[in-house]
Amino acid sequence: MIETAAGLVLRTRPLTETSLIVHWLTPNLGRVGTVAKGARRPKSPFRGKLDLFYLADFSFSRSRRSELHTLREVSVRETHSRLREDLGRLQQASYCAALIERTTETEATMPQVFGLMIGLLRHLQGQPPQPQTIFAFELKLLTELGLKPDPARSDLYPGTRLLMSALLENDWPMLERLRPSDGQIRELRQFLHGFLQYHLGSVLKARAGALGG
């Protein structure tokens with residue numbers, strides 16, 4: 001049976017000399033793994049369609065024995081090309097993709113998480129990489145996972161608590177207007193590091209690069 005979906009390429013890796021594993025994030029099917037047979041061949045119909053953070057319509061044949069399904073067709077909607085023009089943007093997007101993979105189950109419906117990732121990519125297309133972008137994503141994702149931090153019950157300074165509330169409650173266009181101080185960034189960075197470590201067991205190494213070292 002062939003199924004269709006719209007999805008975002010979260011990660012790719014070689015399977016064989018000619019084939020590629022493609023991990024997708026979709027609104028209705030959750031995270032889906034597919035095998036693009038022959039995708040690494042020069043004349044493959046998948047050529048140029050399966051890069052990181054491409055948004056595409058795709059079809060696949062579901063496997064009965066594995067969580068890796070057979071990719072059939074791909075039609076690219078958006079490449080998010082500006083991400084590849086700036087290492088900082090790419091580091092931030094890659095960390096957020098890895099955090100989604102770390103915190104969600106395969107093929108669990110998650111339209112809000114899909115919308116969150118799309119919103120992040122659109123934000124990064126037009127804004128330079130900033131620490132508050134990562135803080136906002138972490139806070140919003142934690143909220144979707146039922147792990148929302150409560151600013152009022154934290155030991156943060158009042159200004160940092162207000163910043164955290166703003167990051168939690170506002171959408172991406174509004175977040176562009178925030179101008180946190182260096183002290184607020186340091187404090188919130190440490191707070192969320194501890195929060196993630198407590199709830200996830202460890203913090204992804206890519207977080208340091210996403211926050212600028």
Side-chain angles (χ1 to χ4, degrees), residues 8-13 21 23-25 30-31 33 52-53 67 80 83-84 86-108 110 112-124 127-172 175-176 178-213:
L8 188 71
V9 177
L10 281 187
R11 181 164 54 92
T12 66
R13 62 183 176 88
I21 293 177
H23 293 272
W24 302 84
L25 178 65
R31 289 194 293 107
L52 200 59
F53 306 124
E67 291 185 346
H80 298 108
L83 296 178
R84 282 167 283 280
D86 183 279
L87 178 59
R89 287 188 175 115
L90 193 58
Q91 284 180 311
Q92 291 201 332
S94 297
Y95 164 69
C96 292
L99 190 59
I100 286 174
E101 288 195 291
R102 173 73 175 275
T103 58
T104 59
E105 297 291 335
T106 303
E107 298 193 28
M110 53 184 76
Q112 294 86 358
V113 174
F114 176 81
L116 177 61
M117 189 67 190
I118 290 292
L120 169 82
L121 296 179
R122 289 173 178 165
H123 176 76
L124 287 173
Q127 296 295 317
Q130 303 177 80
Q132 58 263 36
T133 299
I134 294 300
F135 300 152
F137 185 89
E138 290 173 337
L139 288 165
K140 293 176 186 299
L141 180 60
L142 287 166
T143 298
E144 294 299 335
L145 298 173
L147 298 171
K148 179 181 178 180
D150 184 355
R153 299 182 64 181
S154 71
D155 293 330
L156 299 170
Y157 283 107
T160 309
R161 288 202 299 269
L162 289 173
L163 172 62
M164 186 160 75
S165 295
L167 294 171
L168 275 164
E169 296 166 8
N170 290 290
D171 58 15
W172 295 108
L175 297 180
E176 296 171 12
L178 297 176
R179 297 293 183 269
S181 68
D182 291 343
Q184 289 171 335
I185 289 173
R186 283 195 301 271
E187 190 179 21
L188 192 51
R189 177 177 182 153
Q190 293 170 357
F191 172 82
L192 286 171
H193 184 281
F195 195 91
L196 290 166
Q197 189 167 38
Y198 177 80
H199 287 284
L200 305 182
S202 62
V203 177
L204 294 173
K205 293 181 179 179
R207 186 174 191 259
L211 289 171

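Keep in mind the model is a prediction, meaning the values are calculated, not measured. Positions are given from 1 along the sequence.
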Colleague: Is there a donor-acceptor pair under 3.5 Å between the side chain of Arg84 and the backbone N or O of Leu90?
Modeller: no

Colleague: Should we say atom CG of Asp155 is surrounded by more than 12 heavy atoms from elsewhere, each under 6.0 Å from it?
Modeller: no

Colleague: Could you check whether any side-chain N or O of Gln91 sits under 3.5 Å from a backbone N or O of Asp86, counting only pairs where one atom can act as donor and the other as acceptor?
Modeller: no

Colleague: Strictly by modelled atom types, are Ser154 and Arg161 linked by a side-chain donor-acceptor pair under 3.5 Å?
Modeller: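 Note: Ser154 and Arg161 side chains miss the donor-acceptor criterion.
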
Colleague: For Met117 versus Cys96, what's the shortest heavy-atom pair and its separation?
Modeller: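 Minimum heavy-atom contact is SD-CB, 4.2 Å.
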
Colleague: Hey, does Leu116 have a side-chain heavy atom less than 4.5 Å from the side chain of Ile100?
Modeller: no

Colleague: Would you call His123 and Glu176 a side-chain contact if the rule is heavy atoms closer than 4.5 Å?
Modeller: yes

Colleague: Compare every heavy atom of Met110 with every heavy atom of Thr104, then report the nearest pair and how far apart it is.
Modeller: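 Closest approach of Thr104 to Met110, heavy atoms only: CB-CE, 3.5 Å.
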
Colleague: Would you check, one step at a time, whether the test side chain to side chain contact (heavy atoms under 4.5 Å, CB included) holds for Tyr95 with Leu204?
Modeller: CA-CA 8 Å; Tyr95 164 69; Leu204 294 173; 3.9 Å; yes

Colleague: How long is the straight-line distance from CG of Leu139 back to CG of Leu147, given to the nearest 0.5 Å?
Modeller: 11.5 Å

Colleague: Do Leu120 and Thr133 have side chains that get closer than 4.5 Å, going by heavy atoms?
Modeller: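 Touching, per the 4.5 Å side-chain cut-off.
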
Colleague: Applying side chain to side chain contact (heavy atoms under 4.5 Å, CB included), run through Leu145 and Val113 and close with a yes or a no.
Modeller: CA-CA 9 Å; Leu145 298 173; Val113 174; 5.5 Å; no

Colleague: Answer whether the closest heavy-atom distance between the side chains of Val9 and Leu25 falls below 4.5 Å.
Modeller: no

Colleague: Can you tell me how far CD of Gln130 sits from CD1 of Ile185, rounded to the nearest 0.5 angstrom?
Modeller: 8.0 Å

Colleague: Do Glu101 and Arg11 meet the salt-bridge criterion of a basic N to acidic O distance under 4.0 Å?
Modeller: yes

Colleague: Please report the closest heavy-atom contact between Trp172 and Ala136, naming both atoms and the distance.
Modeller: CZ3-CB, 4.0 Å

Colleague: Identify whether the distance between the nearest side-chain nitrogen and carboxylate oxygen of Glu138 and Arg207 falls below 4.0 Å.
Modeller: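 Yes, Glu138 and Arg207 are salt-bridged.
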
Colleague: Check whether any side-chain heavy atom of Glu144 sits under 4.5 Å from a side-chain heavy atom of Leu142, and report yes or no.
Modeller: no

Colleague: What's the spacing between Thr143 OG1 and Gln112 CD if we round to 0.5 Å?
Modeller: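 One gets 11.5 Å once the value is rounded to the nearest 0.5 Å.
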
Colleague: So, taking the atom named CG in Leu192 and the one named CD1 in Ile134, what distance separates them when rounded to the nearest 0.5 Å?
Modeller: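 Leu192 CG to Ile134 CD1: 11.0 Å, rounded to 0.5 Å.
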
Colleague: Just so I know, are the side chains of Phe135 and Leu163 near enough to count as touching, which here means a heavy-atom distance under 4.5 Å?
Modeller: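 When only atoms from C-beta onward are counted, Leu163 and Phe135 do not touch, as no gap falls below 4.5 Å.
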
Colleague: Taking atom CG of Leu156 and atom CZ of Phe191, what is their separation to the nearest 0.5 Å?
Modeller: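 Those atoms lie 5.5 Å apart.
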
Colleague: Looking at every non-hydrogen atom in both residues, tell me the closest pair between Ala93 and Leu83 and how far apart they are.
Modeller: CB-CD1, 4.3 Å

Colleague: Regarding Thr160 and Glu187, do their side chains bring together a donor and an acceptor under 3.5 Å, going by distance alone?
Modeller: yes

Colleague: Assess, by modelled atom type and distance only, whether the side chains of Ser202 and Arg102 contain a donor and an acceptor separated by less than 3.5 Å.
Modeller: yes

Colleague: Please check: side-chain N/O of Lys140 versus main-chain N/O of Asn170, any donor-acceptor pairing under 3.5 Å?
Modeller: yes

Colleague: What's the spacing between Gln127 CD and Gln132 CD if we round to 0.5 Å?
Modeller: 9.5 Å

Colleague: Is a side-chain donor or acceptor of Arg89 paired with a backbone partner of Leu124 at a separation under 3.5 angstrom?
Modeller: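 Pair found, side chain donor or acceptor close to backbone of Leu124.
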
Colleague: Can a donor-acceptor pair be found, under 3.5 Å and without considering hydrogens, that links the side chain of His80 to the backbone of Phe53?
Modeller: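 Judged by distance alone, yes, a pair lies under 3.5 Å.
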
